[in-house]
There are 2 protein chains.
Amino acid sequence: MTTEPRSNVTRVSCFDCPLRSLAGFRAFSESELNFVSQFKRGELLADSSSTILVEGAKSAHLYTVLSGWGFRYKILEDGRRQILNYVVPGDMVGLQGALMAEMQHSVEALTPMTLCVFERSKLYSLFERHAGLGFDLTWLAAREEAILDEHLLSIGRRSAVERAAYLLGFLYDRGIKSGMLSETNRHIPVTQMHFADTLGLSIVHTNKTLRKLADRGLILWRERGCEILDPEGLQTLSSWAPEELRQRPFI
Amino acid sequence: MTTEPRSNVTRVSCFDCPLRSLAGFRAFSESELNFVSQFKRGELLADSSSTILVEGAKSAHLYTVLSGWGFRYKILEDGRRQILNYVVPGDMVGLQGALMAEMQHSVEALTPMTLCVFERSKLYSLFERHAGLGFDLTWLAAREEAILDEHLLSIGRRSAVERAAYLLGFLYDRGIKSGMLSETNRHIPVTQMHFADTLGLSIVHTNKTLRKLADRGLILWRERGCEILDPEGLQTLSSWAPEELRQRPFI
DNA sequence: CGGAATCTTGAGGGAGCTCAACAGTAGTGG
DNA sequence: CCACTACTGTTGAGCTCCCTCAAGATTCCG
């Protein structure tokens, strides 16, 4: 079931975009800001566990996440699901659908989400008018690619425990950098079912694997989600570390 | 060991680029062609199984594959390797390294390869001067993303036989569309070790899995590579089909 | 209050792993 | 030119990690 936009009017002006103040996001020039501002059509408020984009659809819009957690996934004919990646504030959603003929994956909200809505048809003018923004889009796509590379390495070559530790460390990092997590809020809003479908494991074995991590004091499972207790411990266990903080673009 | 360019001079003029005549590649405008032509620094001839780009390096160049097969991979500290994707003519190589600080994966040649060499520092001017080409780059990155999504689904959720069938069908499709394969030449130049590291399986089990496919008459393993006998059979077995042929860009 | 998710745990089975050995081929150096 | 070594492909045996099945406890939600 797709959630329809509750509003067509811009609520948050791009000039007051809360993401601008986050460390790690690059600054816009005034003309870029003006362009993005009129590129933005409105906002989409998505309920928790609602579908934002669905595989096979030809969407007229693309989105940027303003707030909330979500995830991208694909399913096989018989229902087997693979979660591909998670989305947090600052991430683009639906760029593939805007460039290719149709969406090759679906997107669902983990929490209530707010998304900025952009017109697909105006995408090309973004490249024409503001080369810098076009460059940023390519950057974003390349970064998503790098993340998927890492996930592929993880699923293909890491053991269950290493995989889970990697995923938790990865989500913690993304949460912190996007402002969804902080020193005091370290709660990732996923079910073990989500984790199983991300790790390529059965739900039973995912449960037993997460228990091992909990027994080591690295995490705590509570309130339909996961509390990160020891990010460094997770990184050590998975032999993975996030890349250093750098100025990243967003639209 | 990195292969050094044997020549700095452009051998094949962009105007005579053999890829231009391939079905499925979009046509350039004359001014685009002029730009790409002077964007191109020269050609790199890589020997079979030589390393073209290495993880962690800060490359001053990016490349387009003109001829030959190659692959991208990552390795864990203890040597476990995961092949992420294969590269064929028309594919960009090293775009990540050009956009991010350094390469997050390595690239190796499966056969002798020819690559067009571009200057990393001039990449931004491509976006400034030719919005269409910038758009194409984003398209290429988004397509790579879609492929990685599919691989992730495969490794995470398909059985060994399905996975192998998917990979073979996928490579056959890419080979045909890039001109590396044809009705008469259906030979993919990989070892079973490459397949194992792509599928996330051990080499022994990969061998036994490929045997099952060979026993079904779908493939034939010979001369250090794989002969595709029945592409449709592979597609059916993996419940995967390539997307329809469409005008795709290249640089 | 009842049904549907979600989390948990135990038991048994199987897909895929490691170890091991061998054959065929390619590459290399004396 | 041949011997030697490295790589590749193949097959068997036993083991283990992870799967499925099953059942129960807890929480959420209508």
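Since the structure is predicted, the reported quantities are computational estimates derived from the model, not experimental observations. A note on names: the letters A, B, ... follow the listed sequences, proteins ahead of strands, and every chain is numbered from 1.
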Enquirer: If you measure only the distance, is there a donor-acceptor pair under 3.5 Å linking the side chains of Gln104(B) and Glu55(B)?
Expert: no

Enquirer: Using a 4.0 Å heavy-atom cut-off to protein, can you give one letter per nucleotide of nucleotides 10-19 of chain C, 5' to 3': B if the base is in contact, S if only the sugar-phosphate is, - if neither?
Expert: BB----BSBB

Enquirer: Can you tell me the distance, in whole Å, between the CZ atom of Arg211(A) and the C1' atom of dC18(D)?
Expert: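 Between C1' of dC18(D) and CZ of Arg211(A): 18 Å.
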
Enquirer: So does Glu77(B) pair up with Arg80(B), basic N to acidic O under 4.0 Å?
Expert: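 Salt bridge flag = no for Arg80(B) with Glu77(B).
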
Enquirer: Rounded to whole angstrom units, what separation is found between the CH2 atom of Trp221(B) and the C1' atom of dT8(D)?
Expert: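 The distance from CH2 of Trp221(B) to C1' of dT8(D) comes to 11 Å, rounded to the nearest Å.
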
Enquirer: Take the protein atom CZ of Arg222(B) and the nucleotide atom P of dT10(D), then report the distance between them rounded to whole Å.
Expert: 13 Å

Enquirer: Distance check: side-chain N/O of Gln192(B) vs OP1/OP2 of dT10(D), anything under 4.0 Å?
Expert: yes

Enquirer: Roughly how many Å is it from CG in Asp197(B) to C1' in dT8(D), rounded to a whole number?
Expert: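 After rounding, the gap between these two atoms is 14 Å.
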
Enquirer: Take atom CE of Met193(A) and atom P of dT27(D), then tell me their distance rounded to the nearest Å.
Expert: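 Distance, rounded to whole Å: 21 Å.
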
Enquirer: Taking atom C1' of dT10(D) as reference, at what distance in whole Å does atom CZ of Phe195(B) sit?
Expert: 17 Å

Enquirer: Salt bridge between Arg143(A) and Asp149(A), side-chain N to carboxylate O under 4.0 Å?
Expert: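 Asp149(A) and Arg143(A): not salt-bridged.
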
Enquirer: Apply ring pair (Phe, Tyr, Trp, His ring centres under 6.0 Å) to His194(B) and Phe71(B), showing your working.
Expert: CA-CA 9 Å; His194(B) 292 121; Phe71(B) 64 94; 5.0 Å; yes

Enquirer: How many whole angstroms separate atom CG of Leu110(A) from atom P of dT6(C)?
Expert: 11 Å

Enquirer: Does Tyr86(B) have any ring-ring contact (aromatic ring centres under 6.0 Å, His included) partners at least two apart in sequence or in another chain, and if so, which?
Expert: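 Tyr86(B): no ring-ring contact (aromatic ring centres under 6.0 Å, His included) contacts found.
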
Enquirer: To check you understand the geometry: which heavy-atom pair defines the closest contact between His205(B) and Ala160(B), and what is its length?
Expert: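 In terms of heavy atoms, the two residues are closest at CE1-CB, 3.7 Å.
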
Enquirer: For the side chain of Arg224(A), counting heavy atoms from C-beta on, which of dT9(C), dC28(D), dT10(D) is nearest?
Expert: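 Closest nucleotide to the Arg224(A) side chain: dC28(D).
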
Enquirer: Below the 4.0 Å mark, does dC7(C) have OP1 or OP2 next to a side-chain nitrogen or oxygen of Asn207(A)?
Expert: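 No, Asn207(A) has no side-chain N/O under 4.0 Å of OP1/OP2 on dC7(C).
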
